[in-house]
Amino acid sequence: GENVEQHPSTLSVQEGDSAVIKCTYSDSASNYFPWYKQELGKGPQLIIDIRSNVGEKKDQRIAVTLNKTAKHFSLHITETQPEDSAVYFCAASNPGANSKLTFGKGITLSVRP
Amino acid sequence: DSGVTQTPKHLITATGQRVTLRCSPRSGDLSVYWYQQSLDQGLQFLIQYYNGEERAKGNILERFSAQQFPDLHSELNLSSLELGDSALYFCASNLGNSPNTEAFFGQGTRLTVV
């Protein structure tokens, strides 16, 4: 089955700096790669996603890049703010009748004011 | 507010007991997904139901079962509970039959087995 790994497990940045979170996946058939943000005491919430026919996608301060050859994708947050502090999960799913969303273990991002 | 409602928010029970977690999906969503979140394992997919039928299965133990009712709400039943079952259980929903579109998560049920 699919295996998704996230690196690093924790990340601390200064407010205003950029943060990059990387994920690798194992199943070359995977074609959907969402990123979820989980704030304390809440459920995960989708912040951006990318499909395998696209190499990069941007939404204001957030961007995601996908390298299918290397089987890795990254989340880029620019001009970080304290409210960006949360746990971020990457995930991957494959097409087909039995498709499942496999999550990485999450990374805790801390933005220092 | 994601529109997904999970009850109860907290549950404390003893080993060997059985509990039922409930999920009401977003209005109009036909798929319900159950996930288990523990500190060391992250978010683990358990099972998906689409319009009342089981559609995909993940790492769900035989002691666990789920169902989706005609009104589309879902229940996750956990039996013969063990200390290691203590975790956050999330329900998510989306419109289609695939996890390849945005899923909306509830706030979770925190289960503590003592």
Side-chain angles (χ1 to χ4, degrees), chain A residues 1-10 21 23-25 27 29-54 57 59 62 64 66 73 86-108, chain B residues 1-7 9-10 21 23-26 29 31-51 53-60 66 76 87-110:
Chain A
E2 176 66 275
N3 183 41
V4 177
E5 294 191 356
Q6 277 185 256
H7 305 280
S9 58
T10 62
I21 304 169
C23 281
T24 59
Y25 61 99
D27 188 350
S30 289
N31 65 347
Y32 177 64
F33 307 91
W35 285 89
Y36 281 82
K37 175 184 180 182
Q38 185 177 21
E39 296 175 344
L40 200 60
K42 296 185 178 181
Q45 183 176 10
L46 181 77
I47 55 171
I48 196 167
D49 57 12
I50 192 168
R51 299 186 187 276
S52 58
N53 58 345
V54 174
K57 185 176 177 181
D59 183 5
I62 294 173
V64 57
L66 171 65
F73 55 115
V87 179
Y88 290 82
F89 291 95
C90 61
S93 74
N94 56 319
N98 197 34
S99 62
K100 305 168 191 173
L101 196 58
T102 301
F103 284 85
K105 290 191 177 182
I107 171 179
T108 300
Chain B
D1 182 7
S2 67
V4 178
T5 304
Q6 288 188 249
T7 56
K9 285 190 169 45
H10 302 276
L21 313 184
C23 170
S24 293
R26 247 178 16 137
D29 284 355
S31 272
V32 168
Y33 307 81
W34 286 97
Y35 291 89
Q36 180 191 58
Q37 184 177 37
S38 57
L39 280 173
D40 58 341
Q41 290 297 319
L43 274 164
Q44 296 283 311
F45 168 67
L46 297 177
I47 197 165
Q48 176 200 355
Y49 277 81
Y50 173 73
N51 205 20
E53 300 289 327
E54 180 186 308
R55 192 187 173 279
K57 224 168 183 176
N59 302 321
I60 188 166
L76 179 67
L88 261 173
Y89 291 84
F90 283 104
C91 162
S93 73
N94 65 6
L95 178 60
N97 63 358
S98 155
N100 294 349
T101 58
E102 180 175 7
F104 296 85
F105 282 76
Q107 293 205 324
T109 293
R110 181 173 293 281

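Remember, predicted model here, so these are calculated numbers, not experimental data. All heavy atoms count here, side chains included; hydrogens, waters and symmetry mates do not. First the proteins, then the strands, lettered A, B, ... as listed; each starts at 1.
Neither the backbone nor the side chain of B:Ala92 has a heavy atom closer than 4.5 Å to any heavy atom of chain A. For chain A, the nearby part of B:Lys57 is the backbone; its heavy atoms alone come within less than 4.5 Å. In this structure, chain B has no heavy atom under 4.5 Å from any part of A:Gln6. Looking at A:Asn31, the atoms closer than 4.5 Å to chain B (heavy atoms on both sides) all sit in the side chain, from C-beta outward. Contacts between A:Phe33 and chain B at a heavy-atom distance below 4.5 Å are absent for every atom of the residue. Using a 4.5 Å cut-off between heavy atoms, A:Pro44 contacts chain B through both its backbone and its side chain.
Counting heavy-atom pairs under 4.5 Å between each of A:Thr102, A:Val87, A:Asp49, A:Leu46 and chain B puts A:Leu46 at the top. Counting heavy-atom pairs closer than 4.5 Å to chain A, the top residue among B:Gln44, B:Gln107, B:Arg55 is B:Arg55.
Between B:Ser98 atom OG and A:Lys100 atom NZ the span is 13.0 Å, to the nearest 0.5 Å. In this structure, CD on B:Glu102 lies 11.0 Å from CD1 on A:Ile47, to the nearest 0.5 angstrom. The line from CG of B:Leu43 to NZ of A:Lys105 is 12.0 Å long, rounded to the nearest 0.5 Å.
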Show your reasoning for whether side chain to side chain contact (heavy atoms under 4.5 Å, CB included) applies to A:Phe89 and B:Gln37. CA-CA 12 Å; A:Phe89 291 95; B:Gln37 184 177 37; 3.2 Å; yes

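You'll find the ring centres of A:Phe103 and B:Tyr35 inside the 6.0 Å limit.
Between B:Phe90 and A:Gln38 the shortest heavy-atom distance is CZ-NE2, 3.3 Å. What you find for B:Ala56 and A:Ser99 is that their closest heavy atoms are CB-O, 4.0 Å.
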